[in-house]
Amino acid sequence: MSTSVGAGKRPTTVAPAVARKPRGVRAGIFGVGAAVPDRVVRNAELEARLDTSEDWIVRRTGICERRRLAAGQSLSQLGARAARSALRDAGRCAEDVDHVIVSTITADRLTPGLAPEVARLLGAHRAGAVDLNAACAGFVYALDHAAALVESGRASVVVVCGAEAMSRITDHEDRGTAVLFGDGAGAIVVAGGELELGCARFVLGADGAHGDLLYADRDERVIRMEGREVYRHAVRRMADATAEALRHERLDVEDIDLFVAHQANARILEATAAELGLPREKVFLNVERMANTSSASIPLALAQAEQDGRLRPGAIVALAAFGAGFVWGAGIVSWKERADVFA
Ligand code: ACO
């Protein structure tokens, strides 16, 4: 089944194959931005220091390099750069912003969170600002919350930012995890419009029974995980949640133009896509350059996908993420369905 919103098409000019019920203002994505630290850590650097090899890292994870924030560099500045670029892309200014939601597990300080400082740096003086922690699934949760604020009429413009300095909670001597993570920030602007699909309903889930399979303790402060178990659960949860999100919108896998999932590692994404029956060419991967940036990975990937010409207005994008908790989520969104903010 196809809908009226496909890659490169303007939804207002294409008759829908299946008429959707009008539901008033829908939340949609209007802008995207990214910011990464300058420092690049290549596999060779890790190979020189740890009992690992370039070949092992690439074969098991697909990762070639990652970015790292310098000691003393603030993550809020990186988040603000990403948010500023997303606002510019959306053609909005800081005064328009009602809410700044920052997803992070690696904030500059225990408290305050990152969001108030990101909002200040942005100049979003009118905005409420809050951090959200749903580990690697945080961006999907934050996007769902932003869409709810917009569609309920409680906000008009929401900046959703994923900002992570995973190097702060990585055991750099543990070869099992040291090779996996990177730092970076990505952001999108969510606003309302008369949209065909916008940010469709998200499927979110949590199962605290598996909290010991992937965690960072308050004392030790570094990530520990049972890699194989995490892999198994991540594939099943992301595939099931994406399938449910599709069913809810009466869409088929064939309707997806691009699958942009949490960039944990290439094998997880390929296995999830295979479960869904998605061809490889519809799976976006930038994990080779960015590694696993936790909740920053999806907005970073969205920014890269657009820059690479793989996301055009109206494209149907499936988002999926999984992280510590366990928590997971998936949703179907149309990419920048309209250029003008309607509501
Ligand atoms: N270099 C060389 N050897 C390594 C390395 C390394 N960097 N890391 C582990 N090994 C060794 C192990 O010690 C083990 O050796 P042994 O057989 O002598 O005991 C062997 O490789 C296999 O180890 P496994 O952990 O079983 O390797 P696996 O094939 O499962 O791959 C990986 C590990 C890539 C972490 C995989 O489990 C995975 O993808 N897990 C998903 C978890 C993940 O990506 N987590 C990120 C955070 S969670 C999230 O974002 C969803």
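Remember, it's 1-based here, ligands and their atoms both numbered in the order they're listed. Each residue takes its place number in the sequence, starting with 1.
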Practice prompt. Specify side chain, backbone, both or neither for I268, according to which of its non-hydrogen atoms lie closer than 4.0 Å to ligand 1.
Written response: side chain

Discussion item. Heavy-atom pairs closer than 4.0 Å: do any link ligand 1 to the side chain of N265, the backbone, both, or neither?
Written reply: side chain

Tell me whether [atom] lies less than 4.0 Å from at least one protein heavy-atom position.
| atom | result |
| --- | --- |
| atom 27 (O) of ligand 1 | yes |
| atom 37 (O) of ligand 1 | yes |
| atom 2 (C) of ligand 1 | yes |
| atom 50 (O) of ligand 1 | yes |
| atom 19 (O) of ligand 1 | no |
| atom 47 (C) of ligand 1 | yes |

May I ask you to decide if [Y]'s main-chain N or O and [X]'s side chain share a donor-acceptor pair within less than 3.5 Å?
| X | Y | value |
| --- | --- | --- |
| N286 | R289 | no |
| R126 | E95 | yes |
| R68 | R39 | no |
| Q263 | F284 | yes |
| R81 | A185 | no |
| N265 | L180 | no |
| D98 | V158 | no |
| N133 | A135 | yes |

Between [X] and [Y], does at least one N-O distance fall below 4.0 Å, as a salt bridge requires?
| X | Y | result |
| --- | --- | --- |
| R267 | E270 | no |
| D257 | R312 | no |
| R26 | E337 | no |
| E45 | R42 | no |

Looking only at protein heavy atoms, identify the closest one to [atom] and say how far it is in Å.
| atom | result |
| --- | --- |
| atom 10 (N) of ligand 1 | W56 CZ2, 3.4 Å |
| atom 35 (C) of ligand 1 | M225 CE, 3.8 Å |
| atom 24 (P) of ligand 1 | R228 NE, 4.0 Å |

Quick check: does [X] get an N/O under 3.5 Å from an N/O on ligand 1?
| X | answer |
| --- | --- |
| S53 | no |
| N292 | yes |
| G227 | yes |

Hey, which atoms in ligand 1 end up nearer than 4.0 Å to a heavy atom of [X]?
| X | answer |
| --- | --- |
| C136 | 49 (C), 50 (O) |
| R60 | 22 (C), 27 (O), 28 (P), 29 (O), 34 (C) |
| G176 | 8 (N) |
| H262 | 49 (C), 50 (O), 51 (C) |
| L214 | 48 (S) |

Discussion item. Can you check which of E54, R267, R175, E47 brings a heavy atom nearest to atom 14 (C) of ligand 1?
Written reply: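 Answer by nearest heavy atom: R175.
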
